[in-house]
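Here's the structure we're looking at; comments come further down.
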Amino acid sequence: MKLFKHGFIFTPHGFEKKDFAVEGNCIRIVTDNESETFYDSVTDCSNCYIVPGFVDVHVHFREPGFFYKETIETGSYAAAKGGYTTVCTMPNLKPAPSSLDTLNEQLKLIEKNACIHVLPFGTITQDQSGHGELSDMEAMADYVAGFSDDGKGVQEGDLMKKAMRKAKALNKPIVAHCEDESYLHGGYIHEGEYAKKHQHIGICSESEWKQVERDLQLVKETGVAYHICHVSTKESVELIRQAKKEGINVTCETAPHYLILCDEDLQESGDFKMNPPLRSKEDRKALIEGVLDGTIDMIATDHAPHSFEEKNKGLKDSLFGIVGLETSFQLMNTYFVQKKLMSLEQLMKLMAINPRSRFHLPQIYIEDGAIADFTIINLDEEHTIDRNTFVSKGKATPFDGMKVYGEVKQTFVDGQCVYKK
Ligand code: DOR
């Protein structure tokens, strides 16, 4: 049995200064007069906050198929280091999980190598092609967090409608990467001032929000639980805000980089290249408003690791994707909690509570009987982001060298310490 003393724990009523113990895989609140000699270990949590383990519903762990970019072992350890105890993995893999057979390959690797809970998404379309036939959603339903073709949008409305009907019958969410390919024209950064000035090909905002608009209509018709990935444009935020007012069954996520950076911050480096791209200052402002008024439900990282060679070809030729698991909490704490734009409780909603609610995962607070999936954080510790210290195989981040506040001290899954600083 392990005892944790003097920390602020996150309860259903907010933060309270209380001691607690971990017995097996459960939490027990400890009364003042219990003797320490009872316990195998005592951890002093003075100045620390103990919070439910974070949940990231959008990561790429690259196995099977692309282990040189990331493995389930390295990805899950990076997540633990970032304070996460559950992640959902995107299915742009080789083979893509489109049937029970292909999904099983991934499930076996997860079982063997993950140090946190890893829940995969199955694809929407066969081989995650975004066209043609649906995957074997029925066979996969019991083993997946939902269905997604992340990395690609589902191009035909009719096909998406069919997928939504099926997902609704299976009681699983559709998790949509909204991107209408007919608007792309070879673009790779936001179609804005920076693209114009530096002769880059831009990606217009319509490529995202037109598909958001199409899908919201289909959600209205089908009633499926619909979640939108990495929202990046002001138009999408407004569409989602209105849809929620109408009672449409929609939630969405954005990522720290869309809230902190915009296309004015772009540099000629692969570290700044991801899809969707960093948008304009106005888009960023709308996303922040969306997070603060509850239109945007959760923060995901879209942790998308690639090799050094794949990311070292400049803005135009590098692959899309940056890593995020090891920096997300610090960035959100620094830019939102420390600047008093939101409370720590609000950040916990965005990183732990809302994703659990939406994806039907057991809710966790630090209270008697709860599963001991938790994270010990210090809010004030200052450090500089250094990609060379990342345990992820991916090192590409636009935040390298940035001074941030907040540190994950320890992460526990099912009562076991899976990360310790
Ligand atoms: O930047 C991105 N990288 N966006 C995506 O949609 C896919 C992802 C990846 O898999 O690398």
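Just so it is clear, the values below take in all heavy atoms, side chains as well, and ignore hydrogens, waters and symmetry mates. On a predicted model such as this, the values are computed, not experimentally measured, just so you know. Counting starts at 1 for both ligands and their atoms, following the listed order.
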Would you mind telling me which of Val87, Asn113, Thr74, Thr71 makes a side-chain contact (heavy atoms from CB on, under 4.5 Å) with Phe61?
-> Val87
Ala304 neighbourhood, listing ligand 1 atoms whose heavy-atom distance to it stays under 4.0 Å |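 Near Ala304, meaning under 4.0 Å from one of its heavy atoms, ligand 1 has 3 (N), 8 (C), 9 (C), 11 (O).
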Provide the number and element of each atom of ligand 1 under 4.0 Å from a heavy atom of Gly151.
-> 6 (O), 7 (C)
Is the backbone of Ser343 close enough, under 3.5 Å, to the side chain of Gln346 for a donor and an acceptor to pair up by distance?
-> yes
Backbone N or O of Ile189 within a donor-acceptor pair of the Lys273 side chain at under 3.5 Å?
-> no
Passes side-chain contact (heavy atoms from CB on, under 4.5 Å), Phe390 versus Val323? Steps please.
-> CA-CA 9 Å; Phe390 289 172; Val323 293; 3.8 Å; yes
Can you list the steps and then say if Glu289 with Lys285 is a salt bridge (charged side-chain N to carboxylate O under 4.0 Å, His left out)?
-> CA-CA 6 Å; Glu289 282 165 11; Lys285 185 166 169 274; 3.3 Å; yes
Classify the ring geometry between [X] and [Y] as parallel (under 30°), tilted (30 to 60°) or perpendicular (over 60°).
X: Phe4; Y: Phe412; result: perpendicular
X: Tyr49; Y: Phe8; result: parallel
X: Tyr194; Y: His200; result: parallel

Looking only at protein heavy atoms, which one is nearest to [atom], and what is the separation?
atom: atom 3 (N) of ligand 1; value: Phe320 O, 3.2 Å
atom: atom 1 (O) of ligand 1; value: Asn275 N, 2.9 Å
atom: atom 6 (O) of ligand 1; value: His177 CE1, 3.1 Å
atom: atom 10 (O) of ligand 1; value: Asn92 ND2, 2.7 Å
atom: atom 9 (C) of ligand 1; value: Arg62 NH2, 3.4 Å

The answer for which part of Met274 has a heavy atom under 4.0 Å from ligand 1 is both
Report the part of His306 (side chain from C-beta onward, or backbone N, CA, C, O) that has a heavy atom under 4.0 Å from ligand 1; answer both or neither where that applies.
-> side chain
If you measure every N/O of Pro276 against every N/O of ligand 1, is any gap under 3.5 Å?
->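 No: no nitrogen or oxygen of Pro276 is under 3.5 Å from one in ligand 1.
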Kindly confirm or rule out an N or O of Ile322 lying under 3.5 angstrom from an N or O of ligand 1.
-> no
State if Asp302 counts as touching ligand 1 under the rule of any non-hydrogen atom under 4.0 Å.
-> yes
